[in-house]
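Presented below is the structure to which this report refers.
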Protein chains: 2
Amino acid sequence: MKQPELQHQVRQVFTDYLEKNQQRKTNERFIILEEIYSRSDHFDAESLFTELKKKKFQISRATVYNTLELLVACELVTKHQFGNNMARYEKSYGYRQHDHLICLDCNKVMEFCDPRIHQISTRMGDLLNFEIPHHSLILYGHCRGCEIKEQLAKKKSIA
Amino acid sequence: MKQPELQHQVRQVFTDYLEKNQQRKTNERFIILEEIYSRSDHFDAESLFTELKKKKFQISRATVYNTLELLVACELVTKHQFGNNMARYEKSYGYRQHDHLICLDCNKVMEFCDPRIHQISTRMGDLLNFEIPHHSLILYGHCRGCEIKEQLAKKKSIA
DNA sequence: GTGCATGCAAATCCTTTGCAGTGAT
DNA sequence: ATCACTGCAAAGGATTTGCATGCAC
C-alpha cells in the first residue's frame with residue numbers, strides 16, 4: 001500500500017473510533033497518528049515527542065501519552081515492554097501479527113512469525129480456562145554482528 | 001525437595017557464586033535469598049523490601065535491588081517484565097523453564113510449559129543468526145473467574 | 001457556550017546513585 | 001586496615017496527574 005493511501009485509511013479508522021467513543025477529533029491526535037505512520041521503527045514515547053518538537057509541532061508529552069493510549073485501544077498501535085523500563089510502540093494497521101527478537105548488545109529489534117505461537121496460545125487458553133486476546137513473545141539474544149565484535153574484543157584483551 | 005534442604009542448596013550456590021566473583025558474603029544477602037526461597041510467588045522489589053521490614057530486618061531498598069541483581073546473575077532468581085512498569089521476580093533454582101499467563105483483570109499469574117517454544121527459539125536463532133540465551137512468552141487474558149464477574153456486572157447494569 | 005482535551009509543571013512510581021559509615025576479608 | 005557493601009536520602013527516568021486555558025462540539 002502507498003503511504004498516502006495508508007495514511008488516509010488509518011486516519012479513517014481513528015476517526016471512526018473517536019466518533020464511536022464520543023472523543024474529540026483534535027488536530028494534535030491526527031498529527032501524532034500521521035507521525036507514527038510515517039515512521040517504521042519500534043519507538044518510545046519520548047522519541048516521538050522529540051520528533052514532533054523537532055518538526056515544530058507544539059504538542060505536550062501529556063498529549064502524546066494520552067493519544068498513544070487511544071491508538072493502542074483502537075489497535076492502530078501496539079505497545080511493547082522490551083526488557084528495559086520504558087514502553088515501546090509500533091504501528092500495527094494492516095500488519096501481520098508477529099513477535100520480536102532483540103539483541104541484548106545493540107538493542108536491534110527483529111521481527112518474525114511462527115504459527116505455533118498462536119496454537120500454543122489457543123491451547124493454553126482452553127486448558128487453563130482463559131480467554132487470551134493477546135500475547136508477547138520476545139527472544140533475547142546476541143546478533144551475529146555483536147558476537148563478532150565480542151570475539152574481536154576478547155582477542156585484543158588477550159594480545 | 002524439602003524446604004531446609006532447598007534453602008541449604010541455594011545458599012551454597014550463592015556462596016560459590018560470590019566467592020568466584022570475589023564478592024562479599026554479607027548477612028543481608030543471605031537473608032534476602034532465604035526470604036525469596038521461603039516465598040513462592042511472582043514478587044516485586046518493593047513487596048520483598050516491605051516483607052523484610054515487617055520481619056524486623058533492617059535492610060535498605062538499595063541492598064534489596066543490589067542483591068536481586070546478583071541473584072539474577074547467578075540464575076537463582078528470574079526477572080520478568082509483566083506488562084506494567086515494575087519488574088517482577090521469582091526463584092528459579094531447580095525449576096523447569098516455564099512461561100506465564102496473566103489475567104488482565106485480577107493480575108493472577110499462572111505458569112505453563114510447552115516444548116514448542118524452545119523449538120521456535122532455536123529455529124529463529126538459526127534462521128536469523130542469533131544466539132538466544134533466553135526468552136519471555138506472556139499470554140495476556142481474562143481468567144474464568146473474572147469473565148464471570150464481568151458478565152454479572154453487565155447483567156446488573158442492564159437491570 | 002459547554003466541557004473535554006490541551007499544555008505545562010508538579011507529582012508519582014520504580015529504580016539507581018552518592019556519600020558517609022560499617023563490617024567482611 | 002582496607003575497601004566493598006550498607007543505609008539513607010536524594011537524584012533519575014518514565015509516566016501520570018492537576019489545573020488553568022483553549023478549542024471541538
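Just so you know, these numbers use all the heavy atoms, side chains as well, and skip hydrogens, waters and symmetry mates.
Taking atom CG of A:L18 as the reference point, atom C1' of C:dC4 lies 13 Å away to the nearest angstrom. When rounded to the nearest whole Å, the span between CG of B:L68 and C1' of C:dT16 equals 14 Å. Computed from coordinates, the B:Q58 CD to D:dC8 P distance equals 6 Å when rounded to whole Å. With rounding to whole Å, B:R29 atom CZ is found 11 Å from C:dA24 atom P. Atoms CZ (B:F49) and C1' (D:dT6) sit 13 Å apart, rounded to a whole Å. With rounding to whole Å, B:F30 atom CZ is found 12 Å from D:dC5 atom P. The distance between atom CG of B:L70 and atom P of D:dC5, rounded to the nearest whole Å, is 8 Å.
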For residues 58-69 of chain B, which side-chain donor-acceptor pairs fall under 3.5 Å, sequence neighbours excluded?
{"residue": "B:S60", "atom": "OG", "partner": "B:T63", "partner atom": "N", "Å": "3.3"}
{"residue": "B:S60", "atom": "OG", "partner": "B:T63", "partner atom": "OG1", "Å": "3.2"}
{"residue": "B:R61", "atom": "NE", "partner": "B:E46", "partner atom": "OE1", "Å": "2.9"}
{"residue": "B:R61", "atom": "NH2", "partner": "B:E46", "partner atom": "OE2", "Å": "3.0"}
{"residue": "B:T67", "atom": "OG1", "partner": "B:T63", "partner atom": "O", "Å": "2.8"}

Contacts table for residues 127-137 of chain B: side-chain donor-acceptor under 3.5 angstrom, sequence neighbours left out:
{"residue": "B:H135", "atom": "NE2", "partner": "B:D99", "partner atom": "OD1", "Å": "3.1"}
{"residue": "B:H135", "atom": "NE2", "partner": "B:D99", "partner atom": "OD2", "Å": "3.4"}

Return a table of donor-acceptor pairs under 3.5 angstrom between the side chains of residues 32-43 of chain A and protein atoms on other chains or two or more places apart.
{"residue": "A:E35", "atom": "OE1", "partner": "A:K55", "partner atom": "NZ", "Å": "2.8"}
{"residue": "A:E35", "atom": "OE2", "partner": "A:R39", "partner atom": "NE", "Å": "3.3"}
{"residue": "A:Y37", "atom": "OH", "partner": "A:L76", "partner atom": "O", "Å": "2.6"}
{"residue": "A:Y37", "atom": "OH", "partner": "A:S92", "partner atom": "N", "Å": "3.2"}
{"residue": "A:Y37", "atom": "OH", "partner": "A:Y93", "partner atom": "N", "Å": "2.7"}
{"residue": "A:S38", "atom": "OG", "partner": "A:E35", "partner atom": "O", "Å": "2.9"}
{"residue": "A:R39", "atom": "NH1", "partner": "A:D41", "partner atom": "OD1", "Å": "3.3"}
{"residue": "A:R39", "atom": "NH1", "partner": "A:D41", "partner atom": "OD2", "Å": "3.2"}
{"residue": "A:H42", "atom": "NE2", "partner": "A:E90", "partner atom": "OE1", "Å": "3.1"}
{"residue": "A:H42", "atom": "NE2", "partner": "A:H100", "partner atom": "NE2", "Å": "3.1"}
{"residue": "A:H42", "atom": "NE2", "partner": "A:E111", "partner atom": "OE2", "Å": "3.1"}

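The shortest side-chain heavy-atom distance between B:R29 and B:L18 falls under the 4.5 Å cut-off. For the pair B:K25 and B:E19, the minimum side-chain heavy-atom distance is below 4.5 Å.
In the region residues 31-41 of chain A, proximity to DNA chain C at under 4.0 angstrom, judged on heavy atoms, holds for none of the residues.
Within 6.0 Å of CZ on B:R144 lie no more than 12 heavy atoms contributed by other residues, nucleotides or ligands. Other residues, nucleotides and ligands place more than 12 heavy atoms under 6.0 Å from the CD atom of A:Q12.
Using modelled atom types, one side-chain atom of B:T122 and one backbone atom of B:H118 make a donor-acceptor pair closer than 3.5 Å.
Rounded to 10 degrees, the angle between the two end axes of the helix from C:dG1-D:dC25 to C:dT25-D:dA1 is 30°, with five pairs used at each end.
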Given protein heavy atoms under 4.0 Å, the one-letter contact record of nucleotides 15-25 of chain D, with B base, S sugar-phosphate only and - none, is simply BBB-----BBS

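By the 4.0 Å N-to-carboxylate-O rule, A:K54 lies close enough to A:E51 to be salt-bridged with it.
Classification of the A:Y17-A:F14 ring pair by plane angle, with boundaries at 30° and 60°, yields parallel.
Placement of B:I138 and A:L101 in two distinct hydrophobic clusters is found when ILVMFWY residues are connected by side-chain heavy-atom separations under 4.5 Å, directly or transitively.
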